[in-house]
**Student:** 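Starting off with a structure, shown below.
Letters A, B, ... are given to chains in the order of the sequence lines, protein chains preceding strands, and every chain is numbered from 1.
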Amino acid sequence: MLELKFIRENLELVKKAAKDKRFEADFDAIIRLDDERKSLILKVEDLKAKRNKATEEVARRKKAKENADELIAEMKKVGDDIKVLDEQLAQVEKNMNQVLLTVPNVPHPSVPDGSTPEDNQTIFTWGEAPKTDFEMKPHWDITQNLDLIDFVTGAKIAGSGFPVYKGYGAQLQRALINFFLDQAAINGYKEIQPPIVVNADSATGTGQLPDKEDQMYVVTRDEFYLIPTAEVPVTNIHRHSVLKAEQLPIKYAAYTPCFRREAGSYGKDVRGLNRLHQFDKVELVKFVHPGQSYDELESLRTDAEKLLQLLGLPYRVLLMCKGDMGFTQTKKYDLEVWSAGQKRWLEVSSCSNFEAFQARRMNIKFKSGNEKPEYVHTLNGSGLALPRIVAAIIENYQTDEGTVLVPKVLRRYMGVDVIKSH
RNA sequence: GGAGGAUUAGGCUAAUUGGUAAGUCAGCAGUCUUGAAAACUGCCGUCCGAAAGGACUUGGGGGUUCGAGUCCCUCAUCCUCCGCCA
């Protein structure tokens, strides 16, 4: 959410940003509602001031055993007027809030123009695609041959997109989770285990509600949402609070399962591990001083990249263009890993700066000494999403014998060097 | 799940049984001092406002009332007890 004042003072900038990001918002309504709001506040506060004075007078007269009936009758009327105006004001503010929630965040000046994925800039590539003299297989063949992942049984138990990991498949997942969390700890992130369901307030705070309700599984009986990412519960840790400046930056790492309905997605993208309804992810979340958020974005990206380098997986970094960036971000990098069997890039992390957009929505401030509290900047990025990493490892490290070499950094977690049929 | 009690600002603690949040410690700034401490002065919940000033604020949300920290309803959290349970 952007600040009303900011929108009014930078109307053209905000309008252009919305257009560049391909979102629509009713800016005329914002101006109109704000004018209404101001005049209502003026009226109602005036009446309240009058009432406050009068009740003091009532108290004084009562104490002096004088009669105050007339004044009380008069204030009863004023009270009714206040009630009506308060209701009008609440309605106007509610409407205003709804419109404000449709105004997207303003991209950082360093973000390239463009409206399609082709306009994203590849700013860095690392590693080389493995060269073999045999035909490299996609991971779904290998995981079936080695009995690592059972998609069919998962579909029986829950539905498609809920795979069952078995044996070394399950162990590889566990190894990756431990590896990612250990690396996060080395980089100064505190480990968090949050709830994997959230209430509506939390889902609204990070922007899942109201826009992306379709993408979440809902527990209607108890009004919970299954989290689509740990970003939701972890960012909400500090909802509605004032942090001390010395606490910043706060860095959290959380492993959780993630649940996504993926409504509307279909086609060959969904094959194997590429797109699941339930998957595991380690998410990195930061709360930082506004002056440092772009440096923190770079270091967040570096932290995520380092994981790919340690795993020896070739990848590239995309700087997302304005039109492909999403509603809440000011700047976003995607990390894509090379999938040697499918011969395509798979997104395994996106690292974003939200500036104060989420903080404003969630009311997360910081203050130093007696300074006025100020909104923090929030950032997050995956570090990393598991299934596509599993896919990339299995494909990039496959041998002509049909086995899979375990990346060196994972061997002490796995206890074996090679994944073979067992 | 049931019964009882509690929740006041960063911490602690008051508030005529309904009359409009008093203090204290910590913290910050200043005066004094070679420096510090002490002492003294000011600031010390949020918002609007250039200011004067005004509005809001006693765990959250509602209600009664001219007026609610105080009375009523509801939710949350904590404590005590009962029940259930891996």
**Student:** With both distances under 3.5 Å as the test, what is the Watson-Crick or G-U wobble partner of B/A3?
**Tutor:** B/U80
**Student:** Is B/U17 in the syn or the anti form, by the rule that syn lies within 90° of 0?
**Tutor:** syn
**Student:** Which part of the nucleic acid, if any, lies within reach of A/Asn52 when heavy atoms closer than 4.0 Å are counted: base, sugar-phosphate only, or nothing?
**Tutor:** sugar-phosphate
**Student:** Do A/His377 and A/Phe354 have ring centres separated by under 6.0 Å?
**Tutor:** no
**Student:** Need the pair for B/A9. Rule: Watson-Crick or G-U wobble, both distances under 3.5 Å, any strand; none if unpaired.
**Tutor:** none
**Student:** Under 4.0 Å, counting only non-hydrogen atoms across every strand here, what does A/Lys76 touch: a base, just sugar-phosphate, or nothing?
**Tutor:** sugar-phosphate
**Student:** Mind calculating the distance between CG (A/Leu89) and P (B/C56) to the nearest angstrom?
**Tutor:** 12 Å
**Student:** Work out how far the P atom of B/A86 is from that of B/C79, and round it to whole angstrom.
**Tutor:** 23 Å
**Student:** Provide the Watson-Crick or G-U wobble partner of B/C40, both distances under 3.5 Å; none if there is no partner.
**Tutor:** B/G30
**Student:** Quick check, are the ring centers of A/Phe180 and A/Tyr255 under 6.0 angstrom apart?
**Tutor:** no
**Student:** Rounded to whole angstroms, how far apart are NZ on A/Lys38 and C1' on B/G54?
**Tutor:** 16 Å
**Student:** If B/G35 has a Watson-Crick or G-U wobble mate with both distances under 3.5 Å, name it; if not, just say none.
**Tutor:** none
**Student:** Between B/U20 atom C1' and A/Glu57 atom CD, what is the distance in whole Å?
**Tutor:** 14 Å
**Student:** Using atom CZ of A/Arg51 as one end and atom P of B/G54 as the other, report the distance to the nearest whole Å.
**Tutor:** 15 Å
**Student:** Using the C1' atoms only, state how far B/C78 lies from B/C28, rounded to an integer number of Å.
**Tutor:** 32 Å
**Student:** How far does the P atom of B/U57 sit from the matching atom of B/A22, given to the nearest Å?
**Tutor:** 15 Å
**Student:** Looking only at side-chain N and O atoms, does A/Lys365 come under 4.0 Å of OP1 or OP2 in B/C47?
**Tutor:** yes
**Student:** In whole Å, I'd like the distance from the CD atom of A/Glu93 to the P atom of B/C48.
**Tutor:** 12 Å
**Student:** Please report, rounded to the nearest Å, how far the P atom of B/C66 is from the CZ atom of A/Arg61.
**Tutor:** 16 Å
**Student:** Strictly by Watson-Crick or wobble contacts shorter than 3.5 Å, is anything paired with B/A14, and which nucleotide is it?
**Tutor:** none
**Student:** Could you tell me whether the phosphate oxygens of B/G19, OP1 or OP2, come under 4.0 Å of any side-chain nitrogen or oxygen in A/Arg60?
**Tutor:** no
**Student:** Side chain of A/Lys62 only, please: which of B/G49, B/G19, B/U46 is the nearest?
**Tutor:** B/G19
**Student:** Between A/Ala59 and A/Lys53, which residue's closest nucleotide on RNA chain B lies nearer the 5′ terminus?
**Tutor:** A/Ala59
**Student:** Would you say that A/Thr256 contacts A/Lys281 through its side chain, given a criterion of any heavy-atom pair below 4.5 Å between the two side chains?
**Tutor:** no
**Student:** Taking atom P in both B/U8 and B/G61, what distance in whole Å separates the two?
**Tutor:** 16 Å
**Student:** Roughly how far apart are A/Gln358 CD and A/Asn363 CG, rounded to 0.5 Å?
**Tutor:** 13.5 Å
**Student:** Determine the contact category for A/Ala49: base if any of its heavy atoms lies under 4.0 Å from a base atom, sugar-phosphate if only primed atoms, P, OP1 or OP2 are that close, otherwise nothing.
**Tutor:** sugar-phosphate
**Student:** Rounding to an integer number of angstrom, what distance separates B/A21 and B/U13 when you compare their C1' atoms?
**Tutor:** 13 Å
**Student:** Return the 5'-most residue of the pair A/Lys5, A/Pro373 with respect to RNA chain B, ranking by each residue's nearest nucleotide.
**Tutor:** A/Pro373
**Student:** Consider the side chain of A/Lys83, meaning its heavy atoms from C-beta on, and name the nucleotide among B/U64, B/C66, B/G54 that approaches it most closely.
**Tutor:** B/U64
**Student:** In whole angstrom, what separates A/His240's NE2 from B/U77's P?
**Tutor:** 17 Å
**Student:** Report the distance from atom CG of A/Leu40 to atom P of B/C48, rounded to the nearest whole Å.
**Tutor:** 18 Å
**Student:** Does the Lys NZ or Arg CZ of A/Lys190 fall within the cation-pi geometry relative to A/Tyr252 - under 6.0 Å from the ring centre and within 45° of the axis?
**Tutor:** no
**Student:** When rounded to the nearest Å, what value does the distance between P atoms of B/A51 and B/U34 take?
**Tutor:** 38 Å
**Student:** Looking only at heavy atoms, which two atoms of A/Pro373 and A/Lys365 are closest? And how far apart?
**Tutor:** CB-CD, 3.7 Å
**Student:** Looking at A/Glu56 and A/Lys53, does any basic side-chain N land under 4.0 Å from a carboxylate oxygen?
**Tutor:** no
**Student:** Using the C1' atom in both, what is the distance from B/U64 to B/A14, to the nearest Å?
**Tutor:** 27 Å
**Student:** Using the P atom as the reference point in each nucleotide, state the distance between B/A26 and B/C40 in Å, no decimals.
**Tutor:** 13 Å
**Student:** Measuring from the side chain of A/Lys48 (C-beta onward, heavy atoms only), which nucleotide among B/U46, B/A55, B/G67 has the closest atom?
**Tutor:** B/A55
